[in-house]
There are 2 protein chains.
Amino acid sequence: MLERVIKHRRLLERGEDLFRQGERFRYVYAIKSGSLKTYTAANQKTVQVTGFHLPGELLALDAVGAGAYLYSARALQTASVCEFPFDRLEELGALARGIQRQLLRIMGGQIQHELSMHMLHCKTDAPARVATFLVNLSMRLAERGLSRAQFRLSMSREDIGNYLGLAKETVIRVLAEFEHRRLISVSGKSLRIHDVYRLESLAGLHAAIT
Amino acid sequence: MLERVIKHRRLLERGEDLFRQGERFRYVYAIKSGSLKTYTAANQKTVQVTGFHLPGELLALDAVGAGAYLYSARALQTASVCEFPFDRLEELGALARGIQRQLLRIMGGQIQHELSMHMLHCKTDAPARVATFLVNLSMRLAERGLSRAQFRLSMSREDIGNYLGLAKETVIRVLAEFEHRRLISVSGKSLRIHDVYRLESLAGLHAAIT
DNA sequence: CGCGTACTTGATCATACTCAATGCACGTGG
DNA sequence: CCACGTGCATTGAGTATGATCAAGTACGCG
């Protein structure tokens, strides 16, 4: 059904921008392989990473309202995406009410996600943030049928820090601490989760057993 | 047009809940007067304020996807709201495509807002957060035709702190510091902004003139 | 007017930031 | 093949910012 409106596939090299903040909103993207980060430049010198996006996820739906992309998107590694011209989607939507509904549902989900990020940043200390980040990543990968226990951190420590509102050194130290406590193993970009439950506890998802 | 589906008006006392997290999603609300806070209880003991909502704004649209309210909403003062039964809205939407479009636009706007909150929490220190909070509040009031320079902080210092991820003492001290620097005047719940521009600078909205 | 809730203020302490130096891996060119 | 450069990761030391704890005060409301 949605396949009807696919315009074409696009390939990205590591470091290449899929779209840039402020450009006219034309396409919604579905990520086929690889991963991307989204980021904005609020003031000249500061860059803020707003999210990481994995295969199977949709990108840029939230530009609907604004008519322009709200942030830039850059490939963290070689990636392939599908472009959906949004005006076509809308035409289709006029016919198929089910799709409109689904759009609303997806957008609701995005808001929910942003809300959970908000909660993440408010209450918690560095270990809780990193733990939440890892658990979240693990869950999203599992949703796509990939391993929830072992995966690659395709983004740099600096990006993680920027995303979580922590210095990169803090990210490193927290990861080291987690490894020392045998919650995870890290080696460069590859990561293995040994104890999801305690990680979730640290993230503040359970009652509070430190 | 939307007026057609208004079911009825509802009045709330200070401290009364409009709806609770987890309840089945039935109504979208438009705030007529007063103000509300939204909050969740992630784990048993911790409450997290997720937002403040002013007259003229819509509430609970993001529950569309989930089918249940994602958070609770409580009146900060005597308030009146209008209930819109959402299933009716959807019927209407099937007929009037313009409304669907508008829904999407509004939801896009919400995502944008959440995104800006994300940015707020990541980079910045306590003064920047409080400054952003004040500027944001001021703008939202101005959008509704109210004074952007002088207004009431209908929420407690503790709520502000919880929302911004700061201790209430820090909120108080930062406000005092701002007053000392003649950026604002505070007295209890009433607040006056003297120098929006410098406040915005602190918020990191300009290049960076401290 | 009295009670309670919210607000304010001060002192101490911990966490995470900053700065600086070093290590490590990759790719490039001699 | 090895020397070198670049970028990212790591580690350490010192510091500052904001949290916590503990009083004390003002304000709103019955």
Side-chain angles (χ1 to χ4, degrees), chain A residues 13-15 37 45-49 74-78 120-133 152-180 184-191 202 204 208 210, chain B residues 13-16 37 45-49 52 74-78 120-133 152-180 184-191 202 204 208 210:
Chain A
E13 299 300 324
R14 171 191 158 84
K37 69 175 175 185
K45 44 192 67 180
T46 329
V47 173
Q48 177 59 58
V49 174
R74 177 168 299 178
L76 292 167
Q77 60 200 237
T78 306
L120 166 63
H121 286 120
C122 281
K123 293 303 300 183
T124 54
D125 49 5
R129 290 189 193 185
V130 176
T132 309
F133 174 73
R152 253 180 74 81
L153 295 171
S154 49
M155 66 295 290
S156 70
R157 305 286 194 268
E158 186 157 14
D159 278 346
I160 297 173
N162 186 300
Y163 180 60
L164 296 176
L166 299 170
K168 62 177 185 297
E169 294 94 332
T170 304
V171 174
I172 289 165
R173 284 187 247 266
V174 170
L175 286 175
E177 174 64 20
F178 284 176
E179 184 160 37
H180 180 249
I184 62 172
S185 307
V186 252
S187 170
K189 297 220 170 287
S190 77
L191 186 136
L202 279 173
T210 328
Chain B
E13 298 299 324
R14 170 191 159 85
E16 194 180 345
K37 70 175 175 185
K45 48 191 64 181
T46 328
V47 173
Q48 176 59 55
V49 175
F52 300 110
R74 177 167 299 176
L76 292 168
Q77 60 200 244
T78 306
L120 165 63
H121 286 118
C122 282
K123 295 302 300 180
T124 53
D125 50 4
R129 290 189 193 186
V130 175
T132 308
F133 174 72
R152 251 178 73 83
L153 294 171
S154 50
M155 66 295 290
S156 70
R157 304 287 194 266
E158 186 158 14
D159 278 346
I160 297 173
N162 187 301
Y163 179 60
L164 295 176
L166 300 170
K168 62 174 185 295
E169 293 93 334
T170 303
V171 174
I172 290 163
R173 283 187 248 265
V174 170
L175 287 176
E177 174 63 19
F178 284 176
E179 184 161 37
H180 179 251
I184 61 172
S185 306
V186 251
S187 172
K189 297 218 170 289
S190 76
L191 186 136
L202 279 173
T210 330

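Please read all numbers here as calculations on a predicted model, not as lab measurements. What you see below is based on every heavy atom in this structure, not just the backbone, and it leaves out hydrogens, waters and symmetry mates. Below, chain A is the first sequence line, B the second, and so on; all start at residue 1.
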Euclidean distance, atom [atom1] of residue [X] to atom [atom2] of [N] [Å, nearest integer]:
X	N	atom1	atom2	answer
A:M155	D:dA9	CE	C1'	16 Å
B:Q77	D:dC29	CD	C1'	16 Å
A:I172	D:dC8	CD1	P	12 Å
B:R14	D:dG28	CZ	P	11 Å

Taking only distance into account, with no hydrogens and no angle test, what donor-acceptor pairs under 3.5 Å do side-chain atoms of residues 152-162 of chain B form with protein atoms, sequence neighbours excluded?
| residue | atom | partner | partner atom | Å |
| --- | --- | --- | --- | --- |
| B:S154 | OG | B:S35 | OG | 2.8 |
| B:S156 | OG | B:E158 | N | 3.4 |
| B:S156 | OG | B:D159 | N | 3.0 |
| B:R157 | NH1 | B:G188 | O | 3.3 |
| B:R157 | NH2 | B:G188 | O | 2.7 |
| B:D159 | OD1 | B:K37 | NZ | 3.2 |
| B:D159 | OD2 | B:K37 | NZ | 3.2 |
| B:N162 | OD1 | B:Q48 | NE2 | 3.0 |
| B:N162 | OD1 | B:V49 | N | 2.8 |
| B:N162 | ND2 | B:V47 | O | 2.9 |

Discussion item. Minimum heavy-atom separation for A:V174 and A:A126, please, with both atom names.
Written reply: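 So the two residues come closest at CG2-CB, 4.1 Å.
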
Worksheet item: How far apart are the closest heavy atoms of B:L166 and B:V130, and which atoms are they?
Response: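 For B:L166 and B:V130, the tightest heavy-atom pair comes out as CD1-CG2, 4.0 Å.
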
Worksheet entry | Contact list for residues 163-179 of chain B, test side chain to side chain donor-acceptor pair (under 3.5 Å), sequence neighbours left out |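 Qualifying pairs, neighbours excluded: B:E177-B:R181.
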
Quick one, [X] and [Y] - any side-chain contact, counting heavy atoms below 4.5 Å?
X	Y	answer
B:F52	B:L76	yes
B:T132	B:L164	no
A:L202	A:F178	yes

Fill in: Relative orientation of the end axes in the helix from C:dC1-D:dG30 to C:dG30-D:dC1, expressed as an angle to the nearest 10° (five pairs per end)
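One end's axis against the other's: 40°.
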
Worksheet item: Under a criterion of less than 4.0 angstrom to any heavy atom of chain A, what are the 5'-terminal and 3'-terminal contacting nucleotides of DNA chain C?
Response: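 Nucleotide range with atoms under 4.0 Å of chain A: C:dA16 to C:dA20.
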
Practice prompt. State the CZ-NE2 distance between B:R129 and A:H121, to the nearest 0.5 angstrom.
Written response: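 Rounded to the nearest 0.5 Å, the CZ-NE2 separation comes to 9.0 Å.
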
Worksheet item: Can you give one letter per nucleotide of nucleotides 15-25 of chain D, 5' to 3': B if a protein heavy atom sits under 4.0 Å from the base, S if only from the sugar-phosphate, - if neither?
Response: ---SSBB----

Discussion item. So, using side chain to side chain donor-acceptor pair (under 3.5 Å) as the criterion, who are the partners of B:S185 when residues are at least two apart?
Written reply: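 B:S185 satisfies side chain to side chain donor-acceptor pair (under 3.5 Å) with B:H194 once adjacent residues are dropped.
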
